[in-house]
Each structure stands twice: as structure tokens, then as C-alpha cells.
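Everything below concerns the one structure shown next.
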Protein chains: 2
Amino acid sequence: MLLALSNVLTDDQERELDRRGLTPARTHVLWLVFHEGPRTQAELAVALGVSPRNVTTLVDGLEATGFARREPHPHDRRAVLVTLSARGEEAMRAMDAEHTELGGQLVAGMDDADVETTLRGLRHVLGRLTQLIAEHEARADAEGRT
Amino acid sequence: MLLALSNVLTDDQERELDRRGLTPARTHVLWLVFHEGPRTQAELAVALGVSPRNVTTLVDGLEATGFARREPHPHDRRAVLVTLSARGEEAMRAMDAEHTELGGQLVAGMDDADVETTLRGLRHVLGRLTQLIAEHEARADAEGRT
DNA sequence: TATTGTTATACTCTATAACTATA
DNA sequence: TATAGTTATAGAGTATAACAATA
């Protein structure tokens, strides 16, 4: 239907992440664990929408660069819990702070009423988009079953 | 600064593109040629923000699946012009029509004044974002030169 | 000397399939 | 039998470096 909206990072920002060993996909893992707490790899696979095999590689990378650790699951000896290291926590706190600052800068110069209306409009459009995608997938599902 | 906003395509839509041999990156090439006319690979590399080497592979794929052709450049025997085939034209016209339809569906149910304010807010935010990125890159450039 | 596009090579992100250890 | 994670393999997208043909 559409072109991919590739990426919100500037080249400089990508280079900066690379320099620290933090690729976009690994950053996404870190982000999830930071905001939702330690998770098993199977849970991360579902949350990221990727295969469990893929999570293995991503967590390997995060361990090698010291951003995360694998810890034994307390009740299930098959599973591991992906946990942030001090370095990983620090990186995610910095990223959170940048997001907050960016949000403020983006609406600088708009009056409160306009910010409010814009957000309301955006929520409406996102709601419609979600609905349209759900309808599309239901249709595709029904056709697949026929 | 942020997580990549990976992708606007649903899984179904990606599968549909794959089925026809149209991957996201190849679609982006097609899209550019459709909207801006035949281009050399060097020009496409700049427009896409990728390396010339990468464009070689993408155009190879588009030729193999019959969406585009390489044609000799009229004034420069080193260069080729990437041109859409009839199949490529058709695919891009269909995509354009879907975009137009989607745009209408997204604002369905909003009154005209709200659509207008939302768009104005979005333009403001995009302008600020562009400005902030430019400032960031100018700073990074200045530091790199020091 | 600079530019266009290619061959050679490598890394990230993704997938499926087969396997091991555990539940 | 089902689940968690791994090894094996493959394909798309990206990069740099070296090279040929042409400007």
C-alpha cells in the first residue's frame, strides 16, 4: 500500500549509536526491557514482532557490548530473562531525556489550544488507521480461509 | 535520539509486495522514478540516501522482475537512465490511487475545521523537526572539523 | 583527475527448519 | 506433546574499497 517510512534517525544519530555498538534493532530490545522490565526472549520476540531466532542474535549483540545480560528464569529452567546492565540503564535514561526535550522543542511557539487540537486530530487519524488495518487484515484472513 | 519507526506496511501488505517481487527498497526506487522521471543510478543513490553500489543491486532486481529497465544515457556513455516498464508504471499508478483513497478514509468523520487545524499543527511540527535536525547536523559538522 | 557503475567482501536484520533441554 | 532457545542456512538491504570505462 505504502512506502516504508524508513527511519526517524538522522545519519549522525545512527553513526553515534553504531559507535557505541547500539544498532536500531538492539536499541528497540533495550527500550522494551527498560520500559516493561526483564522479559524472556520468547516474550521479546512477540513484542518486537520478530522470530525467536532473531532475538537470540540481538541479545547476543547486547551481551557482547555490555548493555544487557541473560539471567536464569526463576521458575523455568528453559527460559532466560533479558535484563539491563548499568550501562544499558544509563543509555535508556539518556534516550528518555532526549525524547522529552524533543517533544517540548517540537511544539515550541504553538499556543496551547493549537497543540491540543493537533493532538486530537492525530489521535483521530491514528485511530482510523488502526481500524483500517484491522479491517484489511480481517478481510485478508477471511480470503485466506476460503 | 530515537527508535526507528520501522515501517508503515502491515504484514499482509509486505507479503503482497513480496509475492509480486517488489521489496520495500525496490518500491522506493520505482516510486522516485515514477514521480520524478528517469534518473541515473548516481542520482538515485543521492535521492535515496544510499551508496551507488546499493543502487546497482536494487536496479538489478527491478530489471529481473520486469518493473524497470536500464537505458543508455543520451549524453554520457558512462551513465544509464533507470526507466519504468509498463508493469512498473501500472504498479505505481495503483499505489498512488491507494494513497489518495487512504488519505480520504483517515480524515473521514472529522469536520473541515479540525482537519485544517490538524494539518497546520503537523506542518509546524515537521518544520521544527527539520530545523532541529539541521541544527544538530551543523553542530556535528562543526565538531567534526575541529 | 573526477565520475559512473561494477566486482568483491562484509555486517545487520530478518526468516524457516531442525535440534536440545525442559515443562 | 508443547515450549524456550539454539545451531544451520538463506535472502534483503546496507556499507567500503578497488577497478574499468568514460568525461
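Within every chain, numbering begins at 1; the chains are lettered A, B, ... in the order of the sequence lines, protein sequences first and strands thereafter. Bear in mind the structure is a predicted one, so any value in this text is a computation, not a measurement.
The phosphate of D/dT14 has neither OP1 nor OP2 within less than 4.0 Å of any side-chain N or O from B/Thr57. For D/dT14, the OP1/OP2 oxygens have no side-chain nitrogen or oxygen of B/Ser51 closer than 4.0 Å. Between D/dA4 and A/Arg70, no contact under 4.0 Å exists linking OP1 or OP2 to a side-chain N or O. An OP1 or OP2 oxygen of D/dT6 is reached within less than 4.0 angstrom by a side-chain nitrogen or oxygen of A/Thr56. At D/dT6, one or more side-chain N or O atoms of A/Gln41 fall inside 4.0 Å of OP1 or OP2 (strictly under the cut-off).
Side-chain contact between A/Phe34 and A/Arg93 is present, with at least one heavy-atom pair separated by less than 4.5 Å. Looking only at side-chain heavy atoms (C-beta outward), A/Leu44 and A/Val29 come within less than 4.5 Å of each other.
Tracing side-chain contacts under 4.5 Å through hydrophobic residues (I, L, V, M, F, W, Y), one never reaches B/Leu81 starting from B/Val55; they form parts of separate clusters. Linking Ile, Leu, Val, Met, Phe, Trp and Tyr residues whenever their side-chain heavy atoms come within less than 4.5 Å leaves B/Val80 and B/Leu62 in two separate clusters.
A straight line from CG of B/Leu48 to P of D/dT14 spans 8 Å, rounded to a whole angstrom. Taking atom CD of A/Glu63 as the reference point, atom P of D/dT6 lies 9 Å away to the nearest angstrom. If you measure from atom CG of B/Leu44 to atom P of D/dT14, you get 13 Å, rounded to the nearest angstrom. Between A/Leu58 atom CG and D/dG5 atom C1' the separation is 14 Å, expressed in whole Å. The nearest whole Å value for the distance from the NE2 atom in B/His73 to the P atom in D/dT22 is 15 Å. Summarising the geometry, the separation between CZ on B/Arg26 and C1' on D/dT14 is reported as 14 Å, rounded to the nearest angstrom. Note: CG (A/Asn54) to P (D/dA10) measures 18 Å, nearest angstrom. B/His28 has its NE2 atom 15 Å from the C1' atom of D/dT14, to the nearest Å.
Using a distance-only test at 3.5 Å, with no hydrogens or angles considered, no donor-acceptor pair links the side chain of A/Arg128 to the main chain of B/Val107. Although no hydrogens or angles enter the test, the distance criterion places a donor-acceptor pair under 3.5 Å between the side chain of A/His124 and the main chain of B/Ala108.
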Sequence neighbours left out, cut at 3.5 Å: what donor-acceptor pairs do the side chains of residues 112-121 of chain B make with other protein atoms?
from, atom 1, to, atom 2, distance (Å)
B/Thr117, OG1, B/Ala113, O, 2.8
B/Thr118, OG1, B/Asp114, O, 2.8

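Contacts of A/Val55 with the nucleic acid, taken as non-hydrogen atoms under 4.0 Å apart, are absent.
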Once base and sugar-phosphate atoms are separated, protein heavy atoms under 4.0 Å mark nucleotides 18-23 of chain C, 5' to 3', with B, S and - as ---BBS
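Listed nucleotides C/dA15, D/dA15, C/dC13 differ in distance to A/Ala25; the shortest reach to its side chain belongs to C/dC13.
Rounded to the nearest 0.5 angstrom, B/Glu90 CD and B/Phe67 CZ are separated by 10.0 Å.
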Between protein and nucleic acid, restricted to nucleotides 17-19 of chain D and to nitrogen or oxygen atoms under 3.5 Å apart, what atom pairs and distances do you find?
none

Pair A/Asp60-A/Arg70, salt bridge (charged side-chain N to carboxylate O under 4.0 Å, His left out): steps then yes or no:
CA-CA 9 Å; A/Asp60 284 351; A/Arg70 283 181 169 95; 3.0 Å; yes
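The aromatic rings of A/His73 and A/His75 sit perpendicular, their planes meeting at an angle over 60°, well past the 30° parallel limit.
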